[in-house]
Amino acid sequence: MSHPSGGEKIPFRRSLQLKFALTYLIIIAAVLILLNTYPVLVSQDLVFRSKTSLLQSQASVIADTIARTESLTSESVRDYMEQLGYIGQFRVLVTDEFGLILYDSDELRFTEGRYAMLGEVSAALRGYNAAISSYQDGAFHSRAAVPVIYRDMTIGCVYLYERDTDQAQLLTDIQRNLTSISLVICVVVLIMSGFFSRVLTRRVGELLRAIRIVREGEYGHRVDIRGRDELSQLAGEFNQLTGRLQTTEEVRRRFVSDASHELKTPLASIRLLTDSILQTDGMDPATVRDFVSDIGEEADRLTRISEKLLTLTRMDSAVAVETAPVEVAPVVEKVVHMLSPLAKESAVTVETCLEADCVVQATQDDLYQIAFNLVENAVKYNVPGGRVMVGLRAMGDLVLLTVEDTGVGIPEEDLPKVFDRFYRVDKARSRAAGGTGLGLSIVKDTARQHGGAVTVRRREEGGTCFQVAFPRWTEEGGAPL
Ligand code: ADP
């Protein structure tokens, strides 16, 4: 089975609009058919019943009147009928006990002296009352036959027949009116269903168009939301999704351009230094050595940037990492130990206050990375004679790692941006300290990957305080990630 892909135009016969319109129409048609047939059938049945009971009672009256002698004759019946003064709208037949016609009110038929070969007559002669009514050729035909009983003996039968066109006409008129009304309703419904389904499918069409536009890469496109139904909800969700896509796309673009810019700077320096060496004849060996050592430093910077970019890309691809409960204190101790030469060089003292039993569900490497970046920054952006205080404690469900320093501090307006990729408050200082502008964004992403969150604030007494909160892992409950 083939599905309509992207831009393919759906033919009308397969369209949602036609399906909607047909559904409305089928439902309405079913209701109308029911309305057209049921009342007519019920009233027809009512007419049948009233006709047969009327005919039967009339026939019984006649039968009772003529049941006065042992046997019936044409003359006696005629006399009785005249006595009855019977000039009804019915045809009256009276037969003897053998079905021989003694009297027929329709004299033009000349049926007298013949046998009445009628089902109702033979039933009546066997002692039963028989009545039937039917509709045929625009008229109700009703027949009833009752036995004429004299001293428990069936001596003949009275048969009544009626042909009624008036009531039949009335019923036909009602039926015709109902049909006309139904046809009008059908046309109105057809127009209305066409209109409503068009409105509905036009909105679906708008959504579809918007999806195609966004698919082509125009992430700024939004759908105009009208109404408060599910379709508007869908449009709202679509707009939000597109908004996120747009943000992600912008972040990606900025990241790529920032990354290339960051990579270009050391490369340009290397190019400049090599050109200088190559173009200066007779450069003294000490200067050459200086330049080559600068080239080496720039190469180191390139290595650091590419390593950190790799770390970030790995996190972006959200590859699931194998985590395990890790005691944080030893990891932090290792970091402080690793950074002690740098601290010594910068004349900064690092103090630690680490609680045991602070366990989090993570990996050793990630925790090391987080602590390393924070403590390294605290040392790098410090002043000679400054201090770095590293704290680790458990508080309720959380494990809190705090890195405070008495360093240069971060201006209030830069605080929210320090976790952005490549953001540096003091570019020159960061560069001089070998920074890449990626350390804190790695801290933020890594912490988030393990259910943690990092915050930063200025210390009142000067310097900065970073705090990472992780969900605490406990023997009983594990970590609420
Ligand atoms: P970098 O590689 O430049 O250190 P980071 O992402 O680690 O990149 O930090 C971003 C910026 O935040 C740094 O350039 C620096 O200006 C500022 N910063 C980070 N930590 C501190 C700190 N402890 N004290 C003052 N400024 C800091």
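None of these values were measured; they are calculated from a predicted model. Remember, it's 1-based here, ligands and their atoms both numbered in the order they're listed. For reference, positions follow the sequence shown, starting with 1.
- Counting heavy atoms of neighbouring residues, nucleotides and ligands inside a 6.0 Å radius, atom CE of M338 does not exceed 12 of them.
- The single protein non-hydrogen atom nearest to atom 7 (O) of ligand 1 is N377 ND2, 2.8 Å, given as residue, atom name and distance.
- Using a 4.5 Å heavy-atom cutoff, the side chains of T402 and F466 are not in contact.
- The heavy-atom pair separating V399 from V359 by the smallest distance is CG2-O, 3.9 Å.
- The L438 neighbourhood of ligand 1 comprises atoms 6 (O), 8 (O), with distances under 4.0 Å to a heavy atom of that residue.
- Nearest protein heavy-atom neighbour of atom 14 (O) of ligand 1: R424 CG, 3.1 Å.
- In V403, neither the side chain nor the backbone holds a heavy atom less than 4.0 Å from any atom of ligand 1.
- Using a 4.0 Å cut-off to heavy atoms of G435, the atoms of ligand 1 that qualify are 1 (P), 2 (O), 3 (O).
- Between S430 and ligand 1, at least one pair of N/O atoms sits closer than 3.5 Å.
- Of the N and O atoms on the side chains of D426 and Y381, not one donor lies less than 3.5 Å from an acceptor on the other residue.
- Residue contact annotation: R429 has no non-hydrogen atom under 4.0 Å from ligand 1.
- D173 and Q169 share a side-chain donor-acceptor pair at under 3.5 Å.
- Distance from atom 5 (P) of ligand 1 to its nearest protein heavy atom, with residue and atom name: L440 N, 3.5 Å.
- For ligand 1, the atoms closer than 4.0 angstrom to any heavy atom of T436 are 1 (P), 2 (O), 3 (O).
- Residue I410 has no N or O atom closer than 3.5 Å to an N or O atom of ligand 1.
- Of all the heavy atoms of V425, the ones lying under 4.0 Å from any atom of ligand 1 are found in both the backbone and the side chain.
- Between R212 and E216, no side-chain nitrogen of the basic residue sits less than 4.0 Å from a carboxylate oxygen of the acidic one, so the salt-bridge criterion is not met.
- Of all protein heavy atoms, the one lying nearest to atom 12 (O) of ligand 1 is V418 CG1, 3.7 Å.
- Within the listing of ligand 1, atoms 2 (O), 4 (O) sit less than 4.0 angstrom from a heavy atom of K380.
- When all heavy atoms are compared, the tightest approach of H221 to T242 is O-CG2, 3.7 Å.
- Backbone and side-chain nitrogen or oxygen atoms of G437 are examined, and one is located within less than 3.5 angstrom of a nitrogen or oxygen of ligand 1.
- Residue contact check for ligand 1: F466 places a non-hydrogen atom closer than 4.0 Å to it.
- Side-chain rings of Y135 and F48 stay apart, their centers remaining 6.0 Å or farther from each other.
- Within the structure, ligand 1 lacks N373 among the residues with a heavy atom less than 4.0 angstrom away.
- For R458, the CZ atom sits in a packed shell: over 12 heavy atoms of surrounding residues, nucleotides or ligands are nearer than 6.0 Å.
- No heavy atom of G407 sits closer than 4.0 Å to any atom of ligand 1.
- In this structure, of T464, D426, D405, V408, the residue bringing a heavy atom nearest to atom 23 (N) of ligand 1 is D405.
- Cation-pi geometry between R421 and F255 is satisfied (NZ or CZ under 6.0 Å from the ring centre, within 45° of the ring normal).
- Checked against a 3.5 angstrom limit, the closest N/O atoms of Y381 and ligand 1 fall inside it.
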Step-by-step salt bridge (charged side-chain N to carboxylate O under 4.0 Å, His left out) determination, R301 to E298:
CA-CA 5 Å; R301 186 198 302 279; E298 293 301 325; 3.5 Å; yes
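- Here is the list of ligand 1 atoms found below 4.0 Å of a heavy atom in Y423: 10 (C), 11 (C).
- Distance check: S142 OG to R49 CZ gives 14.0 Å after rounding to the nearest 0.5 Å.
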